[in-house]
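Okay, structure first, notes after.
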There are 4 protein chains.
Amino acid sequence: MSLWGADRYHVLMTPPEATKQRGRPRSEQSHQKVLEATARLLGSSSYDSISVERIAAEAGVGKQTIYRWWRNKAEVVLEAVLTGYVEMELVPMDDTGDLHQDLSAWMQGMLTEGFREEFIAMARSLMAAGLEGLPETAELIRQEHAWESGALMERLRRAAERDELRPGADIAAAASALIDPLLFRIVIGKPCAPAWGQALVDTVTSGIAADRPAR
Amino acid sequence: MSLWGADRYHVLMTPPEATKQRGRPRSEQSHQKVLEATARLLGSSSYDSISVERIAAEAGVGKQTIYRWWRNKAEVVLEAVLTGYVEMELVPMDDTGDLHQDLSAWMQGMLTEGFREEFIAMARSLMAAGLEGLPETAELIRQEHAWESGALMERLRRAAERDELRPGADIAAAASALIDPLLFRIVIGKPCAPAWGQALVDTVTSGIAADRPAR
Amino acid sequence: MSLWGADRYHVLMTPPEATKQRGRPRSEQSHQKVLEATARLLGSSSYDSISVERIAAEAGVGKQTIYRWWRNKAEVVLEAVLTGYVEMELVPMDDTGDLHQDLSAWMQGMLTEGFREEFIAMARSLMAAGLEGLPETAELIRQEHAWESGALMERLRRAAERDELRPGADIAAAASALIDPLLFRIVIGKPCAPAWGQALVDTVTSGIAADRPAR
Amino acid sequence: MSLWGADRYHVLMTPPEATKQRGRPRSEQSHQKVLEATARLLGSSSYDSISVERIAAEAGVGKQTIYRWWRNKAEVVLEAVLTGYVEMELVPMDDTGDLHQDLSAWMQGMLTEGFREEFIAMARSLMAAGLEGLPETAELIRQEHAWESGALMERLRRAAERDELRPGADIAAAASALIDPLLFRIVIGKPCAPAWGQALVDTVTSGIAADRPAR
DNA sequence: CAATAAGCGAGACGGTACGTCGTGTCTTCTT
DNA sequence: AAGAAGACACGACGTACCGTCTCGCTTATTG
């Protein structure tokens, strides 16, 4: 299942055109096999120790078939990661009515889930592919950085609707403040103690200032 | 000037040994020329479109001279970036006594400075080199991620000493919440509006919850 | 017009069967278009710089249509060359009754005609295709090497019938001695002076003539 | 031993320059290994079924090392063939004083030697490489077509000096008339009966001899 | 002051991967 | 059933880098 839930096929590929197509149609099976092989290899190797040739071999596919549909390795890896071929369990976001408690539980889950080897590998691959593919693939990684679209943003949105947030609170900023430090540490492999995550949740939910500045 | 101020030479290189050296000593001039050339190339090319060969040519240096002192391209780039061969102006952190105002001013400065082409290039190079050099260079990028060592942490520390922060506030978490989302966006090239930065500062300084949870 | 005069279709293709054919019959138009396109391309490119794909594109024909009727590029090229799609003017062989004079005139004609760019291209293509298609196409190029079947052999045969040749003279050997050195030089692109050709004719005719021509 | 006897290194490579050379010198061992590997492969495969990659692998050499010194496969093969890495025994040319007898013996030897599998392979490789490498390598194959430089021309020259040839006889033409038909048949794989070779010798010798041999 | 040692620029080396091209087969819709 | 279109598996091409190695040369310390 994808981190992003939705099918992201359209992000990389133009949707099937309405024009009557001539010639042999694209083999959807090959498409799948490539992404699966990529995901499999990413699980056991780093981004730049896998080659297009190995992906092709692993997928039982011709190299040209890869280059026919993707411009380079970065794009293949991005599609594999973004469309969820790299398996990943989402940390569930509860809604007990208590925002601080829900975020705390979620954060602890993320600290566990996010530092699983597979997630680290995936996050690094995403980052490496995004950086290498620049500037062509920049838009992709930008779009997909939108973790806010997930459960976290949703939970914050609900809190706002229930007037649990102070007026003017920016939920996108809050989501960023929660998730980006975590993601960063996952990518660079810096371990995070549970207390650190908790402090982050505390900070975002209640701020750090002794007296709230008047705005 | 380096982002980190201090000389980081020791991080990558064993310090000059006390033992009396035989043979021709290392040419400090070559050392400099390599780092300068690397910085120059990083300004106009991405991390993986520059090669050791190009660095050597640009520096007017033999390739072996590079490999004698660094293990691979990632290390050269890391040293060039970390020791400040990539020029960079630090955003000054004021201390007017008003934390929220000081952080706001600093954030707006960072939004300007951080999205300068050179800073983006440097940040991406750092990231790419760190990722590629794994696991050998992991420690480096982890250490250098410690932006807390800079002005931001210092300002927060002073605020804490003056009891401007609520009890139990975690300044490291706050610093992370402020800087990581910014850094992330710089690396992936996602533009940030001034309002977004402001919201981040607001969130961290005052939190988002309507009522502070009792802790 | 073909060097060999006759239609060589049968050499490569099984003759049209008598059996009642089911389905759409072979498009003779496509057949022609392929050979024409091949000849056209051979005029401007060398054998191995043209591809089946280019032939198909140039002919406006599907690639499979080519592979349905020929086994490989060598066969297509051989048929195109051998059936005379590569335009070629035969050097006429006179019969004035004077063998030495007739052969001399013919040789000078060949030296002119054979070193025309088109002939060179054709000869090289024939050679290259024959070599590449080995061993399948070996028989073809062997058969077609039989230049003896042409005007030269015919003229020699007539001379023999008129007792102009010394007893025991081998006209096939004489024909080979005349034409192979020429052909070889055409293929490898080694220029031949008129005097060289004349010397060849002199050598062979004094070797086979009943009475040595007075020179 | 080479068909041409002499070392042909200079034909393909610029001779070692007098200029003081910098950097690591060319590995003569690698040079040899490439040519040996090429010759070995040519013995068991046809010209275009061997690849540069296989040559490199067989030689235990990097592919770039081949491309550093030769422009393409054709040049490697040409050098391997022309410098005699493809083993070849020359047919000895006797000088009994009787030209017709000497040429007959030599021709019968050639018919045996030339149709040995190795010689056929070598001749075809030479031809294929020469054709493919056009026009760059054209000069090479032209030069090397100069079989006249060998024993045959030498024998004819001696005969001329002894006035065994008729006045005005062109020994180059005679040599061509003898060897090119043979070479052509070897290349295209057309078997030659001993009688055919004998007829060729008869034709040429009676053409050039001062006194016709009695037959 | 020679001998020894190690660094230097240069550039060839054995390799790995790249991205392109060509071959001959297969699969779609069209004629 | 054949044709045009074009995707497919395969594999060679020629290039670019990697990290190592060997040259002749230079610059130190040591004997």
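Below, chain A is the first sequence line, B the second, and so on; all start at residue 1. What you see is a predicted model; the values in this text were computed from it and never measured.
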Taking OP1 and OP2 of [N], is either one under 4.0 Å from a side-chain nitrogen or oxygen of [X]?
X     : N      : answer
A/S27 : F/dA7  : no
B/T65 : E/dG7  : no
B/R24 : F/dT27 : no
D/W69 : E/dC13 : yes
D/S30 : E/dG14 : yes
B/S51 : F/dA16 : no

Q) Is there a donor N/O on one and an acceptor N/O on the other, under 3.5 Å, for the side chain of B/Q64 and the base of F/dC21? A) yes
**Q.** Under 3.5 Å donor-acceptor pair, A/K63 side-chain atoms to E/dG19 base atoms
**A.** yes
Q: For B/R68, answer base if it contacts any base atom (sugar-phosphate contacts may also be present), sugar-phosphate if it contacts only those atoms, and nothing otherwise; contact means non-hydrogen atoms under 4.0 Å.
A: base
(Q) Over all strands shown, is B/K73 touching base, sugar-phosphate only, or nothing at heavy-atom distances under 4.0 angstrom? (A)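 Contact class for B/K73: sugar-phosphate only.
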Q. Can we say C/K63 and C/E53 salt-bridge, meaning some charged N sits less than 4.0 Å from an Asp/Glu carboxylate O?
A.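 C/E53 and C/K63: salt-bridged.
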Q) Is any NZ, NE, NH1 or NH2 atom of the basic residue among D/R71 and D/E75 found under 4.0 Å from an Asp or Glu carboxylate oxygen of the other? A)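 Yes.
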(Q) I want to verify a distance call: between E/dT23, E/dT20, F/dT30, whose nearest atom is closest to the B/R22 side chain? (A)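 Taking heavy atoms from C-beta onward, the closest nucleotide is F/dT30.
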Q: Verify the distance criterion only: is there a donor paired with an acceptor across the side chains of A/H31 and A/E36 at less than 3.5 Å?
A: no
Q) So do B/L126 and B/L82 actually touch side chain to side chain, heavy atoms under 4.5 Å? A) yes
